[in-house]
2 protein chains.
Amino acid sequence: MTVLESSKANTQPNSSSNTNCEFIKGILAGSNMEEASRYFKAISHPLRLKILCVVGVGEMSVQDILKTVGTTQSNVSQHLCLLKDKGIVQSRKEGNRVYYSIKNETIKKILGSQ
Amino acid sequence: MTVLESSKANTQPNSSSNTNCEFIKGILAGSNMEEASRYFKAISHPLRLKILCVVGVGEMSVQDILKTVGTTQSNVSQHLCLLKDKGIVQSRKEGNRVYYSIKNETIKKILGSQ
DNA sequence: TAAGAATATTAGTATAAGCTAATATAGTAT
DNA sequence: ATACTATATTAGCTTATACTAATATTCTTA
């Protein structure tokens with residue numbers, strides 16, 4: 001059950017404004033807004049969104065990613081690093097190359113719900 | 001059809017790596033990453049996420065919002081302003097008070113998919 | 001009309017993000 | 001070993017975010 005659903009379910013029609021605030025406040029305290037927003041933040045950059053769409057299709061090397069999204073090697077590398085740090089993508093080394101793919105299923109869901 | 005779906009559907013099994021890059025590149029060019037990432041950015045702050053969860057339950061006055069999320073009046077007001085600018089929430093004035101509610105349905109979907 | 005409440009706006013400041021350019025590291029092939 | 005390719009890291013700079021404190025605006029009510 002999401003935050004929205006759980007708070008809707010328990011809203012009494014005759015509850016005072018203040019009680020309702022307190023109730024929702026309790027729900028918010030239980031949800032991890034910090035963590036959720038960290039995920040959203042990670043994907044809230046046009047280049048990272050592109051990278052995720054590209055990598056979402058399937059595992060891809062950095063070379064191919066940067067050819068596809070069109071920026072510098074350093075820039076892609078830094079964004080990939082950030083995405084990996086947040087646990088959104090994972091990487092696998094094969095010889096000279098590093099292949100990236102999406103690690104986190106939630107991200108796929110979110111990208112699909114656009 | 002989302003970006004992920006459309007690019008998956010057309011991936012030929014025998015296509016070379018380069019052709020695939022070009023293909024995905026075309027899809028990316030057609031999608032509006034700038035706009036999508038602007039949405040994600042808007043909700044990628046813990047306080048704004050809280051506000052959206054609160055307001056997602058139903059229309060709520062600024063007073064009640066700030067009692068619920070717990071910060072200063074100015075801070076809430078600035079975040080609400082940002083959310084309104086991006087077309088994510090809408091406001092309605094009634095006497096002394098201003099009531100906010102979620103305008104954008106996509107946001108509800110995204111919040112639900114967490 | 002003066003006081004009070006609710007909301008918005010502004011200015012100033014601190015911190016975070018994002019980019020480029022340069023350099024480092026690691027693997028491959030000659 | 002040397003040169004080359006792929007990727008990562010670092011430093012420096014610029015711009016964007018986010019907060020606080022103060023002030024402005026708008027509405028209500030005595």
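Everything numeric here is computed off the predicted structure, so don't read it as measured data.
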Protein-nucleotides 25-30 of chain D N/O pairs under 3.5 Å:
unit_1: D/dT26; atom_1: O3'; unit_2: B/Lys93; atom_2: NZ; d: 3.4

Among residues 71-85 of chain B, which contact DNA chain C at a heavy-atom distance under 4.0 Å?
B/Gln73, B/Ser74, B/Ser77, B/Gln78
Any A/Lys41 side-chain nitrogen or oxygen under 4.0 Å from OP1 or OP2 of D/dT17:
no
How far apart are the closest heavy atoms of A/Val89 and A/Tyr100, and which atoms are they?
CG2-CD2, 3.8 Å
Smallest separation among heavy atoms of A/Ala36 and B/Leu49, with atom names
CB-CD2, 3.6 Å
Quick one: does B/Tyr39's side chain get under 4.5 Å of B/Ile88's, heavy atoms only?
yes
Would the distance check show the side chain of B/Thr68 and the main-chain N or O of B/Asp64 forming a donor-acceptor pair, the cut-off being under 3.5 Å?
yes
Rounded to whole Å, OH of B/Tyr100 lies from P of C/dT7 at a distance of 9 Å
Any sub-3.5 Å donor-acceptor pair from A/Ser37's side-chain atoms to A/Met33's backbone N or O?
yes
Between D/dT7, C/dA16, C/dA8, which one does the side chain of A/Gln63 approach most closely?
D/dT7
Between D/dC4 (C1') and A/Arg97 (CZ): distance, integer Å:
13 Å
Atom-pair distance (CZ on A/Arg38; P on D/dT17), nearest Å:
20 Å
Atom NZ of A/Lys50 to atom P of C/dG18: distance rounded to whole Å?
15 Å
Taking side-chain hydrogen bond (donor to acceptor under 3.5 Å, both in side chains) as the cut-off, I'd like each qualifying pair that reaches into residues 78-90 of chain B, sequence neighbours left out, listed once.
B/Arg48-B/His79, B/Ser74-B/Gln78, B/Asn75-B/His79, B/Lys84-B/Ser91, B/Gln90-B/Ser101
Side chains of B/Arg97 and B/Val62: closer than 4.5 Å at any heavy-atom pair?
no
For the residue pair A/Val54 and A/Met60, what are the closest heavy atoms and their distance?
CG1-SD, 3.2 Å
Of A/Leu66 and B/His45, the one whose nearest nucleotide on DNA chain D sits closer to the 5' end is A/Leu66
